[in-house]
Each structure stands twice: as C-alpha cells, then as structure tokens.
> 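Dumping the structure here so I can ask a few things about it.
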Amino acid sequence: MLRITDARTGETVDAVRARRGLTRVEAHVERDDLSALRVLLVADVLARALELGGTPVATVADPPAGLRARADALGIRRAEGERGGAGPALHVLVSAGGAPEGSGSETSGSEGSGPAAFGPAASGETVPGEAAGGETTAMDATTMDATSMGAASMAPASMAPASMGPVPTDPVPVDQNSVDEDPVIPGLFTADPDGVRVEVAPVRGSADHSLLRMILLATPRRQPLDLAAADLDGARETLGRWRKAVAGWATRPSRPVPEHVRQELRAAWEDDLDVPAVLEALRRVEHAGDIPDGARFETYAYADRLLGLELTRDIGTQW
C-alpha cells in the first residue's frame, strides 16, 4: 500500500482508502513555469504508482497551453477527470512560500540536500571507462558509474514506457520571482476537504527538456531545485548508458524480475513515493553479478512503467 506525507499534518498516511476504488490525482497549476511542470510530473508518477498497485486513477489538471506542451514533451499524461468528481482525491501543488532564491534553504529529514548528483564527483570514484589519470578507455555498454542517483527512492505504470513526445532543444526559462509566491488553489479544500495534500518544492533555472524528467525524478520532490547547480551532463550520460544497456540486454534470453528486486522497487515507491531510491535500486541491478542480463532487461522495463524515462526506446536501433 502506497503511503504518502500529507502536508496538512506532516504525517504519513495511506494514499488511498480503498485500493480498488477510483482515486483522483488533482494537479493544481496556474502558471507556466518549471515549478508547475514539477507538480504535473509528480502527479503523473503518483498516478502510475497507484495503478501499479491496482488502484484505478483519474488525473485532473487544467494547465495553461504552454505548460501543457512542456508536459507533453516530458511524457506526462493528460487530464482525464473533473475536479470534484467521484472518489477521494490527492491534491498535488507547489509548497506555499518556497525558499527565496539564493537562500540555500534545504528540507530536513531523509530527503537529502542539494541537486541530484550523477557523475563521479558524487562518490569520489573513477568513471568506468576512464583511467585514474583521466584518460578515456573503451566502455562496455552495460557498465554504469558508481555514483549516487540522488537521495534513495523511485517507481513504475503501464507495461509500455510513456512516450515523451518531441523534445524541444531550447532551454526553458523560468520566472525567478514567481516561485516565491503562494499558489492560489481555488476551492482546494471546499470540493474535497478530506483530500490528501502532496506538496512539491519550487524549481529555478533552465535545462534541456530531454533531461528534465531524469533530473526532477532524481531529486526528492520536497527539495527545492536549482537547475544551475544540477548535474546535467551526468544525467545525460546515465540516460544514454541505460538505454544502450537495455537495448543490449533485450537480445539475451528473457528472465523474470528477481522477486527481491521487485520487492525493493515497490518498497521504495510505496514509501512516500521515493523515486530517487528506485533509481538507486536500478544502479545496483546494473552492477549485480548474480542477475542475468535478461532479468536486468525485465527489471528496467518494469521500473520504467513508473519512471517514464523511455529506457527501452533504443531496442532494435543498434543493428
């Protein structure tokens, strides 16, 4: 059963009252900025996690046209329900009063601090394929650098990875002042006073859309994110390496997802939607010497049902 922190009380509660009952995931966004995009992404992943647990979900959102286009590029599902409709609701929104830019404010607890790190600087280890003196050597397609993918947590949603759509190449600017204002949420607790409130921290800066989903997923949702300090090169390298490795593993005899790995993945995303922990679990699977390549493939495909990173998109393109 997925449990999530209710921002109204700070307590962890069951995300749904009845696993088989329809649940609404309502994303409250009004502006066209990266903080609002993060709200839509968290709502998308939350809906995927609930569906993986057998809960039917209707997503609800009414984003501005520009924000909807950005969401399409990140493979975020379109709204399919109405506010105040049937079933209990989980309300996803930007936390009120985000930390002022440059304040260095961080969330406390197990969610860590600072942007997610992907490269060797995060662990102090040498990148596979690079000698100690910095000289590059040949890298095996299935080798992954021993770096932290961010604080521990992660999760999936339909058997096929979500399409991320066309990827804009221009960096996306964000209004540096808008993230500090309290969000206006019309009728938030009048339509459904008992709905769980799921808050996400603001985002500042700009980044290539092709990397945004990975960067946002690797950073705990309640941790403010400054994209100027994010490891964009590390995210690009990790995504490319994983997609190439998955394409190679797909040519090997199929094997089921090891049960202990499946349980580890589910435990991560059912623990307050801890997506960074899911990514960390995938890193361990990549290096595990006792997991066959066919099982690695099934594991990554399974996890991508939650992540929507298109980890299987390069299958059949290398030959």
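Side-chain atoms are counted along with the backbone in the values below, which use heavy atoms only and exclude waters and symmetry mates.
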> Quick check: do R213 and V45 have side-chain heavy atoms less than 4.5 Å from each other?
yes
> Do the charged groups of R283 and E280 touch, with an N to O distance under 4.0 Å?
yes
> State, to 0.1 Å, how close A49 and L273 come at their nearest heavy-atom pair, and which atoms those are.
CB-CD1, 3.8 Å
> Looking at R241 and E286, is any side-chain nitrogen of the basic one under 4.0 Å from a carboxylate oxygen of the acidic one?
yes
> May I ask you to check whether D208 and S210 show a side-chain donor-acceptor distance below 3.5 Å?
yes
> Is any side-chain heavy atom of L227 closer than 4.5 Å to one of L34?
yes
> R3: what forms a salt bridge (Lys or Arg N to Asp or Glu O under 4.0 Å) with it, not counting sequence neighbours?
D14
> Rounded to the nearest 0.5 Å, what's the gap from CG on L211 to CZ on R236? Could you check?
4.5 Å
> Would you mind telling me which of R8, H28, R197 makes a side chain to side chain donor-acceptor pair (under 3.5 Å) with H91?
H28
> Where the side chain of S35 meets the backbone of V203, is there a donor-acceptor pair that is under 3.5 Å apart?
yes
> Taking the side chain from R38 and the backbone from A201, do they hold a donor-acceptor pair closer than 3.5 Å?
yes
> Checking side-chain contact (heavy atoms from CB on, under 4.5 Å) between V42 and each of I76, V92, L93, L216, which is the one that passes?
V92
> Which distance, rounded to the nearest 0.5 Å, do you find between the CG of L311 and the CG of L282?
7.5 Å
> Do L2 and L46 make a side-chain contact, defined as non-hydrogen atoms from C-beta onward lying under 4.5 Å apart?
yes
> Would you say that L41 contacts L217 through its side chain, given a criterion of any heavy-atom pair below 4.5 Å between the two side chains?
yes
> Before accepting this row, confirm whether a basic side-chain N of the pair R243/D304 lies closer than 4.0 Å to the acidic partner's carboxylate O.
no
> How are the rings of W242 and Y300 set to each other: parallel, tilted or perpendicular (split at 30° and 60°)?
perpendicular
> Run the side-chain hydrogen bond (donor to acceptor under 3.5 Å, both in side chains) test against R78 and tell me which residues pass, sequence neighbours left out.
D72
> Does any part of the side chain of R70, heavy atoms only, come nearer than 4.5 Å to the side chain of H209, both counted from C-beta?
yes
> Which residues satisfy the side-chain hydrogen bond (donor to acceptor under 3.5 Å, both in side chains) test with R252, sequence neighbours excluded?
none
> With distance as the sole test, does R296 use its side chain to make a donor-acceptor pair with the main-chain N or O of I291 at under 3.5 Å?
yes
> Taking all atoms of both residues into account, what is the closest heavy-atom pair of A89 and E26, and its distance?
CB-OE2, 4.1 Å
> Counting C-beta onward and ignoring hydrogens, is there a side-chain heavy-atom pair between V198 and R221 closer than 4.5 Å?
yes
> Please check: side-chain N/O of T238 versus main-chain N/O of A235, any donor-acceptor pairing under 3.5 Å?
no
